Amino acid sequence: MNREMQKAVHEEMHETAHEAVHKKEQAENCPLVSVIIPVYNRSKTIARCADSILAQTYQNLEIIFVNDGSSDDSFEQLLAYAKRDKRIVLINKPNSGVSDSRNYALESAHGTYIQFVDSDDWIPENATEEYVKAALASDSDLVVADYYRVRGKQVHQSGDIRAAGDYTRTEYAKLMMDRAGDFYYGVVWNKLFRRSLIEENALNFNEKLDWCEDFLFNLEYLKYAARITVIRKPLYFYVKTKGSLVSTKTTPANVILTKLTLYEYYKELYQSLDLYEDNKLRVQGFLLQAAADKKKLVDPETYDVLLEKYLREPGEGEDEDLRADADADAEKLRLAEFYPGMQELRTRLLDLNRRLQELSVAEEDGPDLIDLWNQQWKDWKNVRSTQREEQKRERREQRERRMEMLIQLLRQQTRQTASGKRKRIGKKADRGGLE
């Protein structure tokens with residue numbers, strides 16, 4: 001081999017080594033993020049969602065859309081987006097639910113980190129950049145952020161942990177203990193996950209659950225996350241919609257069975273952290289917590305920015321604002337009418353949950369739990385009915401007592417009047433005799 005050929009080979013090897021080093025540095029400083037979006041019949045919202053992801057300031061993305069057998073034109077819209085941007089991976093499959101769709105995407109993902117977005121919602125343009133920046137700065141396994149809750153034109157900022165920074169698994173679990181029902185801890189879309197932890201521990205979404213599958217995934221993931229970083233910036237727009245899956249699946253039977261399923265994993269987490277024995281009542285309180293979020297209205301200046309940048313759509317009228325306000329007022333009225341008597345039901349449910357924990361019922365005994373729930377519900381209604389009857393009886397007896405008292409007073413007054421008349425007649429007769 002002559003000197004020129006040797007030089008060419010050397011230069012080629014040097015360039016190859018340089019490219020490898022450059023790729024390694026790029027992977028360390030700008031890791032690939034796989035963004036997973038399940039889609040089912042979201043033709044009206046998918047464009048807003050997709051545009052927000054494509055507009056991210058962080059560009060090293062693998063965008064995985066999973067069309068879950070949509071019957072509208074969602075898939076056609078996604079095809080058009082896939083032709084425009086090579087970062088998009090489009091999976092088309094028969095309808096099987098959001099958990100199966102996410103599992104499909106996880107199997108196809110190549111990113112260092114995983115980010116989830118729902119097709120109803122959207123993200124601000126700096127969301128992924130902020131997540132990655134926080135993850136790299138602290139070598140975190142999980143990054144958790146605040147989010148915006150949107151209903152019509154009403155916008156609230158939601159979160160729970162007040163202090164931004166790094167937390168151990170135990171510290172994070174202690175904070176979650178009193179508000180495990182909060183969306184902040186339960187959902188996956190306000191978090192960034194490390195894919196290697198998911199793969200190494202064979203984590204996936206439970207396809208048997210109709211709701212709360214996010215929370216179960218989070219509980220399982222948290223067992224392997226050594227460091228959690230909290231960001232106080234809202235990095236997600238969660239759109240509250242009527243007729244959502246959660247609102248349509250929360251029958252009494254589903255609630256009790258799902259709660260019991262989740263509670264076993266929840267309890268196991270705190271046992272593994274040696275926190276259960278000293279905090280039994282707080283951990284068991286999970287059985288009574290309802291899905292909710294801690295929220296506050298955004299300040300006017302922030303709202304104006306959000307309205308101009310994200311919330312205002314072409315040709316949009318003020319009537320939508322009025323409808324949103326009317327819906328909110330109707331919801332408040334419904335809750336106000338529903339609230340009486342719920343404190344008593346809560347007390348009875350406390351007793352029910354204590355009994356269920358003592359039973360340690362296996363999964364195949366599920367129908368017995370449904371019967372137990374239904375019996376408790378009937379008992380509560382019977383108690384309420386009995387209370388109403390007792391109240392009616394007490395009111396009737398009070399009326400009767402008042403009537404008796406009134407009659408006695410009238411009789412006494414009549415006797416006094418008659419006695420007075422007799423005395424006056426006697427006096428007149430005496431005067432007449434003297435005359």
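In what follows, every heavy atom counts, from backbone to side chain, and hydrogens, waters and symmetry copies are set aside. Note that the coordinates shown come from a computational prediction; the quantities given were computed from them, not determined experimentally.
- A distance of 13.0 Å separates OH in Tyr167 from CG in Leu142, rounded to the nearest 0.5 Å.
- Comment: Glu62 does not engage Arg87 in a salt bridge, judged by the lack of any side-chain N to carboxylate O separation of less than 4.0 angstrom.
- The backbone N or O of Gly97 lies less than 3.5 Å from a partner atom in the side chain of Ser101, making a donor-acceptor pair.
- No side-chain donor-acceptor contact under 3.5 Å links Ser272 and Lys223.
- Between Leu275 and Ala173, the closest heavy-atom pair is CD1-CB, 4.4 Å.
- Taking the side chain as every heavy atom from C-beta outward, Thr45 and Trp122 never approach each other to under 4.5 Å.
- For Glu129 (side chain) and Asn126 (main-chain N/O), no donor-acceptor pair under 3.5 Å exists by modelled atom type.
- In this model, a donor atom of one side chain and an acceptor atom of the other lie less than 3.5 Å apart for Asn92 and Asn67.
- One finds the CG atom of Leu269 at 8.0 Å from the OH atom of Tyr266 (value rounded to the nearest 0.5 Å).
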Open item on the list: Before you tell me yes or no, could you show the steps for Gln284 and Tyr276 under side-chain contact (heavy atoms from CB on, under 4.5 Å), namely the whole-Å CA-CA distance, both residues' side-chain angles and the distance that decides it to 0.1 Å?
Closed with: CA-CA 9 Å; Gln284 291 169 0; Tyr276 178 71; 3.4 Å; yes
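- Tyr40 is not listed as a side-chain neighbour of Asp72, based on a closest heavy-atom distance of 4.5 Å or more.
- You'll find the side chain of Gln56 reaches within 4.5 Å of the side chain of Ile123, heavy atoms only.
- When atom types are taken as modelled, the side chain of Ser99 and the backbone of Glu207 share no donor-acceptor pair closer than 3.5 angstrom.
- The aromatic ring centres of Phe193 and Phe116 sit less than 6.0 Å apart.
- Salt bridge Asp214/Arg102: present, at least one basic N to carboxylate O contact under 4.0 Å.
- Aromatic pair Tyr185/Tyr172: ring centres closer than 6.0 Å.
- Trp189 and Tyr147 have their aromatic ring centers within a separation under 6.0 angstrom.
- Applying the salt bridge (charged side-chain N to carboxylate O under 4.0 Å, His left out) test to residues at least two apart or on different chains, the pairs with a partner in residues 186-200 are Asp139-Arg194, Asp141-Arg194, Arg195-Glu199.
- Ring to ring, Tyr104 and Phe205 are not that close: their centroids are 6.0 angstrom or more apart.
- The residues Glu213 and Lys208 are annotated as not salt-bridged, no charged nitrogen and carboxylate oxygen being separated by less than 4.0 angstrom.
- In this structure, Ile37 CD1 and Ser119 OG are separated by 9.0 Å, a value rounded to the nearest 0.5 Å.
- Ile114 is listed as a side-chain neighbour of Ile198, based on a closest heavy-atom distance under 4.5 Å.
- In summary, Asp146 and Lys233 do not engage in a salt bridge, as defined by a charged side-chain N under 4.0 Å from a carboxylate O.
- When Leu192, Ile53, Ile63, Val143 are each tested for a side-chain contact (heavy atoms from CB on, under 4.5 Å) with Gln115, only one passes: Leu192.
- In this structure the side chain of Ile91 reaches within 4.5 angstrom of the side chain of Ser108, judged on heavy atoms.
- Side chains of Glu107 and Asn103: no donor on one and acceptor on the other come within 3.5 Å.
- Taking the ring centre of Tyr238 as origin, the terminal cationic atom of Arg149 falls outside the region bounded by 6.0 Å and 45° from the ring axis.
- Residues Arg169 and Tyr224 come closest through the heavy atom pair NH2-C, 3.7 Å.
- Taking the centre of each ring, Tyr148 and Tyr236 stay at or above the 6.0 Å mark.
- Across every non-hydrogen atom of Phe286 and Ala180, the tightest pair is CD1-CB, 3.8 Å.
- Taking 4.0 Å as the cut-off between side-chain N and carboxylate O, Lys44 and Asp120 do not count as a salt-bridged pair.
- Minimum interatomic distance between Ser140 and Tyr113 (heavy atoms only, all atoms of both residues): O-CE2, 4.3 Å.
- By the 4.5 Å heavy-atom criterion applied to side chains, Asp100 and Lys93 are counted as neighbours.
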Open item on the list: Working note: Asp51 + Tyr81, criterion side-chain contact (heavy atoms from CB on, under 4.5 Å); need CA distance, chi angles, decisive distance, verdict.
Closed with: CA-CA 9 Å; Asp51 288 341; Tyr81 276 102; 2.8 Å; yes
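- Between Asn206 and Phe217, the closest side-chain pair of non-hydrogen atoms is not below 4.5 Å.
- One finds no salt bridge joining Lys267 and Glu264 here, because no Lys/Arg side-chain nitrogen approaches an Asp/Glu carboxylate oxygen to under 4.0 Å.
- Leu235 and Ala127 get closest at one heavy-atom pair: O-CB, 3.6 Å.
- The side-chain heavy atoms of Val144 and Tyr184, taken from C-beta on, include a pair separated by under 4.5 Å.
- We find that Asp118 and Arg42 are not joined by a salt bridge, their nearest charged nitrogen and carboxylate oxygen being 4.0 Å or further apart.
- Nearest approach of Ile64 to Ser34, heavy atoms of both residues: CD1-CB, 4.4 Å.
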